Protein chains: 2
Amino acid sequence: MSKLSPIEFAKALADDTRQTIMRFCCCEWRSVSEIVEHTGVSQPTVSHHLAILRDAGLVTPRPEGRQTYYTLDQQQVAVCCGQLMQVFAPENQATVAVKDILIR
Amino acid sequence: MSKLSPIEFAKALADDTRQTIMRFCCCEWRSVSEIVEHTGVSQPTVSHHLAILRDAGLVTPRPEGRQTYYTLDQQQVAVCCGQLMQVFAPENQATVAVKDILIR
DNA sequence: ATCTCGTATAGATGAGCGCCGATATGTCCA
DNA sequence: TGGACATATCGGCGCTCATCTATACGAGAT
């Protein structure tokens with residue numbers, strides 16, 4: 001999981017289909033077929049979006065036989081959000097709280 | 001300052017020029033001319049991006065004579081980041097801390 | 001080995017958007 | 001009132017990217 005700049009993070013999030021995938025994979029492992037069925041877009045499109053999220057370190061793949069299961073990396077999300085807050089809301093109270101927890 | 005969905009927030013952040021503007025206006029009031037000079041893009045382009053950020057409630061305009069000064073709304077940023085964390089990192093420790101501060 | 005199923009990649013297409021020049025709007029000053 | 005300046009809007013152009021179909025790759029199963 002490589003570090004993600006605020007720009008890369010924002011661009012990875014800036015698509016409805018990708019956010020749908022992220023919500024769907026938030027607390028569970030989901031196969032590509034399940035994601036295809038849930039999003040309603042074609043399988044290649046899902047694969048494309050998964051590649052983007054995977055490159056951003058936002059989802060983790062787990063190959064299992066013919067299928068590949070994906071899940072959202074909540075820690076990566078939290079760290080990136082914390083970074084956003086430090087850059088764009090440095091004087092906010094919540095930013096301090098997040099920094100204490102996420103940055104060590 | 002209207003409420004901002006995770007998608008709208010991400011799309012507003014998903015541009016280098018807009019992030020440059022946001023950083024430049026983070027803790028100070030900046031005129032459009034200053035922003036034009038700092039970003040290096042044309043004045044109409046800056047105006048365009050400011051309109052997007054303004055519609056998202058991420059920057060606050062303060063007209064003063066012929067000039068308009070803008071500053072970043074750190075509270076709006078923090079709230080949106082908090083929302084992102086609750087949606088995409090609900091099991092993370094930092095999310096709980098942010099929620100306690102931002103959501104009332 | 002061959003077939004089938006699940007996923008990834010390649011190539012094409014169309015919509016969205018970032019950018020600029022030109023122009024409109026609005027404010028201050030003489 | 002007229003002119004100069006700051007910002008906003010308009011119209012277009014080019015590029016990025018989300019989507020599709022077609023195809024390749026890879027792992028069971030027969």
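The structure presented is a predicted model; accordingly, all values stated were derived computationally and were not measured. Order of the sequence lines fixes the chain letters, A, B, ..., with proteins taken first and strands second; residue numbering starts at 1 for each chain.
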Contact class for [X] vs. all strands (heavy atom < 4.0 Å): base, sugar-phosphate, or nothing?
| X | answer |
| --- | --- |
| A/H48 | base |
| A/I52 | sugar-phosphate |
| B/T45 | base |
| A/S47 | base |
| A/P63 | nothing |
| B/V41 | sugar-phosphate |

Which heavy atom of [X] sits nearest a heavy atom of [Y], and at what distance?
| X | Y | value |
| --- | --- | --- |
| B/C26 | B/Q74 | O-NE2, 3.0 Å |
| A/R18 | A/K11 | NH2-O, 3.1 Å |
| A/A94 | B/I101 | CA-CD1, 3.8 Å |
| B/L72 | B/M22 | CD2-O, 3.5 Å |

Legend entry - Comparing A/E64 and A/P44 on DNA chain D - which has the more 5′ nearest nucleotide: A/P44
Inset, instruction - With DNA chain D as reference, determine whether A/S42 or A/G65 sits nearer its 5' end, using the nearest nucleotide of each. - result: A/S42
If you check the [X] side chain, which of [options] turns out closest?
| X | options | answer |
| --- | --- | --- |
| B/R18 | D/dC10, D/dT21, C/dG18 | C/dG18 |
| B/S31 | D/dT7, D/dT19, C/dG6 | D/dT7 |
| B/V32 | C/dG18, D/dA8, D/dA18 | D/dA8 |

Whole angstrom is fine here: how far is it from [atom1] in [X] over to [atom2] in [N]?
| X | N | atom1 | atom2 | result |
| --- | --- | --- | --- | --- |
| A/R66 | D/dA29 | CZ | C1' | 7 Å |
| A/H49 | C/dA8 | NE2 | P | 14 Å |
| A/R30 | C/dT7 | CZ | P | 14 Å |
| B/Q43 | C/dC19 | CD | P | 14 Å |
| A/D15 | C/dC17 | CG | P | 11 Å |
| B/K11 | D/dC17 | NZ | C1' | 12 Å |
| A/Y70 | C/dG6 | OH | P | 16 Å |
| A/L50 | C/dT7 | CG | C1' | 10 Å |

Inset, instruction - Establish, with yes or no, whether the OP1 or OP2 oxygen of D/dT7 is under 4.0 angstrom from a side-chain nitrogen or oxygen of B/S33. - result: yes
Inset, instruction - Would you verify whether the NZ or CZ of B/R30 falls within 45 degrees of the ring axis of B/F24 while also being under 6.0 Å from that six-membered ring's centre? - result: yes
